[in-house]
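To keep things clear, I will list the structure first and then write my remarks on it.
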Protein chains: 2
Amino acid sequence: MASRGPSLPRITDVAALAGVSTSTASKALNDTGQLREETRERVRRAAEQLGFTPDSRGRALSSGRSFTVGLITTDSSGRFSIPIMLGAEDTLSAGEMALVLCDTRDDPLREQHYLRSLVSRRVDGIIVTGRRTEPRAPIDVPIPVVYAFSPSTDPADISVIVDDHGGAASTVQHLLSLGRRRIAHITGPATHHSAQVRAAAAVATAGSSLVGEPMHGEWSERWGRHAVDVLLRSNPEIDAVSCGSDQIARGVCDRLRELGRSVPDDIAVTGYDNWSVMALASRPPLTTVDLELEELGRRTANLLLDAIAGSPHPGEMALPTRLVTRESTLGT
Amino acid sequence: MASRGPSLPRITDVAALAGVSTSTASKALNDTGQLREETRERVRRAAEQLGFTPDSRGRALSSGRSFTVGLITTDSSGRFSIPIMLGAEDTLSAGEMALVLCDTRDDPLREQHYLRSLVSRRVDGIIVTGRRTEPRAPIDVPIPVVYAFSPSTDPADISVIVDDHGGAASTVQHLLSLGRRRIAHITGPATHHSAQVRAAAAVATAGSSLVGEPMHGEWSERWGRHAVDVLLRSNPEIDAVSCGSDQIARGVCDRLRELGRSVPDDIAVTGYDNWSVMALASRPPLTTVDLELEELGRRTANLLLDAIAGSPHPGEMALPTRLVTRESTLGT
DNA sequence: TTCATCAAGGAAAACGTATTCTGGATTTTC
DNA sequence: GAAAATCCAGAATACGTTTTCCTTGATGAA
């Protein structure tokens with residue numbers, strides 16, 4: 001309707017310039033059909049000369065695929081879903097797939113709205129992700145779906161999650177290997193699945209080297225600082241603290257320093273998440289667990305591509321974490 | 001090709017069920033054309049019954065619009081572009097527009113790749129954003145473009161930026177209004193446009209109340225701490241520090257507290273960015289400048305929609321910031 | 001010479017929707 | 001009661017590709 005100046009060249013323009021039919025032009029540009037090499041070349045030159053870019057709307061309609069996948073996230077702040085998104089986009093864009101972003105802001109109405117929109121766009125697949133590790137209700141669409149970070153409650157769905165148990169175990173293992181035998185665990189709310197899992201892993205791995213019960217509080221520096229006060233009152237002899245997040249660990253380090261306890265000489269501290277702004281700014285920098293979320297995003301995208309291609313791999317896949325050692329356990 | 005089970009109903013199915021032609025069905029569902037209300041209703045019921053969702057690929061082809069806009073960002077980390085993205089998505093999704101995400105990772109090759117992809121998708125418009133406030137080279141596409149945060153170097157393009165000058169001025173103004181007359185400014189690298197602008201604003205606003213020259217360093221807590229040492233050595237009498245970022249301000253607060261100076265009683269401190277993880281975790285919490293990036297994203301999207309609709313508003317539009325006052329200047 | 005084979009490329013249909021055009025039926029007007 | 005206006009809905013076409021099918025001419029074999 002609104003004439004956008006001289007509209008972009010269509011394949012018929014290319015065909016006309018090359019002196020062939022549109023079907024021949026299509027075959028030439030897509031390397032299909034039976035054509036003389038000289039003809040192909042002529043068409044290619046014509047396309048080049050006109051600056052022809054195929055209209056993917058036409059292609060989508062014709063091929064039955066939209067070469068688009070939707071990403072639904074509940075995590076506006078993006079602390080976790082951003083890296084996942086970037087990883088997914090990395091993989092997808094290599095396959096000429098576009099990623100459309102939908103942030104539900106945890107509103108079921110918005111989620112419904114976005115689902116309708118994605119279905120109406122006939123996206124080839126959908127990635128669902130969130131900011132919590134709690135399993136979530138599956139979405140109901142006639143399109144392949146992969147859940148990332150927050151798995152689906154339906155085990156028949158495809159979910160990719162972080163191996164939180166292994167991650168927490170690796171920090172405690174690390175502390176044990178350094179000879180620490182009086183280890184405390186300070187983490188987030190007991191109502192959070194991730195805090196639960198990490199605490200359970202710490203308990204299981206430390207065994208008799210764990211001092212007291214895991215301490216649950218907020219995911220904040222303030223709680224880290226406060227927990228240190230409580231902890232040292234009842235257990236002044238601890239030699240390590242395994243924390244459920246980098247924020248907590250940073251608070252722990254700050255408070256220990258203020259109390260004159262040296263980290264890591266007196267007490268080693270580990271964080272969790274490898275959130276660089278916390279882990280690196282902490283004094284000292286934190287030994288922590290990297291969730292490898294970009295890799296998780298890439299794996300998610302690959303699983304989705306497989307499902308789109310017709311060979312889904314259902315089930316829950318837990319990806320390994322990576323222990324990053326820094327001064328908070330190793331000294332300088 | 002791959003039969004995705006019973007494929008989704010098309011408008012012809014709806015038409016058949018309602019006993020009308022496809023054109024009538026289309027008109028009924030879009031509230032266009034001349035139809036008896038009873039006919040419309042019958043078609044609507046048929047669509048409802050079949051769970052019909054119009055295929056936007058067909059619609060895109062037919063209407064000449066794709067109802068999609070691309071977002072190109074160079075800012076993988078997302079500290080600035082995420083809120084902008086969310087704001088834009090907010091506005092766009094209300095208009096049934098989808099947002100496809102392209103992270104160039106500052107690689108010109110990737111940028112080219114994404115531009116080709118967006119043009120081939122015939123997106124209705126493009127938003128370009130980055131992590132620095134430096135003007136950037138415009139992109140060359142036959143599609144409406146709006147630049148957000150990083151303006152285009154071409155003044156004829158549409159750019160939406162933050163009023164950094166006003167923001168920095170507002171913190172100094174605030175300090176002056178509290179009676180502070182010996183104000184220092186600690187900020188980021190002199191090579192950064194934003195540091196330059198903020199420093200210039202501080203100088204201009206503070207006038208003779210500015211102590212020494214603006215101090216340039218990294219955007220880090222470490223630099224904030226170090227700068228305090230340097231500053232107090234030469235100017236022990238200061239009563240306020242205006243910082244170029246929340247990270248720097250947090251470092252400043254930490255060091256001042258370690259040196260026994262009270263914030264804000266002895267020395268008031270202001271940050272910049274209202275990055276909650278820094279501004280709220282700081283002791284004390286920071287008075288700072290909120291960039292209102294979500295609003296910037298919304299404005300950007302609206303300008304883009306205007307441009308798509310054929311009435312662009314060229315030029316550079318600077319959006320006001322918002323001063324957020326907390327304990328670092330007001331006490332408890 | 002005749003028939004089968006094959007290479008090369010064109011014609012036509014398909015994808016799903018929106019829109020313009022057209023024609024029949026009904027109502028209005030004189 | 002005939003002509004004009006109005007209402008309603010279907011037919012046809014367009015959007016830009018891809019793909020299937022078909023035609024043509026050439027080549028080879030019998």
Side-chain angles (χ1 to χ4, degrees), chain A residues 1-4 7-44 46-47 50-68 96 119-124, chain B residues 1-4 7-44 46-47 50-68 96 119-124:
Chain A
M1 186 112 307
S3 62
R4 171 142 17 269
S7 68
L8 286 71
R10 297 155 302 171
I11 198 171
T12 56
D13 300 323
V14 174
L17 180 59
V20 298
S21 71
T22 65
S23 49
T24 301
S26 172
K27 287 174 216 164
L29 295 175
N30 293 314
D31 271 331
T32 89
Q34 309 214 56
L35 271 62
R36 230 176 321 168
E37 180 53 32
E38 182 256 323
T39 309
R40 275 189 211 286
E41 190 50 33
R42 191 150 38 93
V43 173
R44 277 195 282 257
L50 264 50
F52 170 73
T53 319
D55 185 330
S56 47
R57 293 171 307 175
R59 190 203 300 265
L61 203 48
S62 169
S63 70
R65 294 190 44 189
S66 62
F67 298 94
T68 304
E96 297 293 333
V119 169
S120 114
R121 299 190 116 82
R122 301 295 191 266
V123 294
D124 297 329
Chain B
M1 186 111 304
S3 63
R4 167 139 22 268
S7 69
L8 286 73
R10 297 154 302 172
I11 198 171
T12 57
D13 300 323
V14 174
L17 179 59
V20 299
S21 71
T22 65
S23 48
T24 300
S26 172
K27 287 176 225 167
L29 296 175
N30 293 312
D31 272 332
T32 88
Q34 309 211 61
L35 269 61
R36 231 177 320 169
E37 181 52 31
E38 181 258 323
T39 310
R40 274 189 211 287
E41 189 50 34
R42 191 151 39 93
V43 172
R44 276 196 282 258
L50 264 49
F52 170 72
T53 319
D55 185 329
S56 45
R57 294 171 306 177
R59 191 202 299 268
L61 203 49
S62 170
S63 70
R65 296 191 40 190
S66 62
F67 298 93
T68 304
E96 298 293 333
V119 169
S120 119
R121 298 191 117 82
R122 302 293 191 268
V123 293
D124 297 328

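Quantities reported herein were computed from a predicted structural model and do not represent experimental measurements. First the proteins, then the strands, lettered A, B, ... as listed; each starts at 1.
Atom pair Lys27(B):NZ and dT20(C):C1' shows a separation of 9 Å (rounding to whole Å applied). The interatomic distance linking Arg121(B) (CZ) with dG16(D) (P) rounds to 17 Å, in whole Å. Straight-line distance from the CG atom of Leu61(B) to the C1' atom of dA18(C): 10 Å, rounded to whole Å. Here the C1' atom of nucleotide dA18(C) and the CG atom of Leu29(B) are 12 Å apart, to the nearest Å. dG16(C) atom P lies 10 Å from atom CG of Leu8(B), rounded to whole Å. Distance CZ (Arg122(B)) to C1' (dC15(D)): 12 Å, rounded to an integer number of Å. Here the C1' atom of nucleotide dG9(C) and the CZ atom of Arg42(A) are 11 Å apart, to the nearest Å. Remark: C1' of dC15(C) and CD1 of Ile11(A) are 16 Å apart, rounded to the nearest angstrom.
No contact: Ser56(A) has no heavy atom under 4.0 Å from any strand. Heavy atoms of Thr32(B) sit nowhere under 4.0 angstrom from any nucleic acid atom.
For Ser23(B), whose side chain is taken as the heavy atoms from C-beta onward, the closest listed nucleotide among dT19(C), dG10(C), dT18(D) is dT19(C). When distances are taken from the side chain of Pro54(A) to each of dG9(C), dG16(D), dT17(D), the shortest belongs to dT17(D). For Phe52(A), whose side chain is taken as the heavy atoms from C-beta onward, the closest listed nucleotide among dA9(D), dA14(D), dT17(D) is dT17(D).
A donor-acceptor pair under 3.5 Å is formed between the side chain of Asp124(B) and the backbone N or O of Ser66(B). Formation of a donor-acceptor pair under 3.5 Å by the Thr53(B) side chain with backbone atoms of Ser120(A) is not found in this model.
The side chain of Thr39(A) contributes an N or O atom lying less than 4.0 Å from OP1 or OP2 of dG9(C). At dG16(C), none of the side-chain N or O atoms of Arg57(B) fall inside 4.0 Å of OP1 or OP2 (strictly under the cut-off). For the OP1/OP2 pair of dA8(C) and a distance below 4.0 Å, the side-chain nitrogens and oxygens of Gln34(A) include no atom meeting the criterion. Regarding contacts with the backbone of dG10(D), a side-chain N or O of Ser21(B) is found under 4.0 angstrom from either OP1 or OP2. When the side-chain nitrogen and oxygen atoms of Ser26(B) are compared with OP1 and OP2 of dA18(C), one or more of them lie within a distance under 4.0 Å. Phosphate proximity of dG10(C) to Thr24(A): present, with a side-chain N or O under 4.0 Å from OP1 or OP2. OP1 or OP2 of dA9(D) lies within a sub-4.0 Å distance of a side-chain N or O belonging to Arg36(B).
Ion pair Glu37(B)/Arg44(B) flagged as a salt bridge, since at least one NZ, NE, NH1 or NH2 atom sits closer than 4.0 Å to an Asp/Glu carboxylate oxygen.
You'll find the side chain of Leu8(B) reaches within 4.5 Å of the side chain of Val119(A), heavy atoms only.
For the atom pair CD1 of Ile11(A) and OG1 of Thr24(A), the computed distance is 9.5 Å after rounding to the nearest 0.5 Å.
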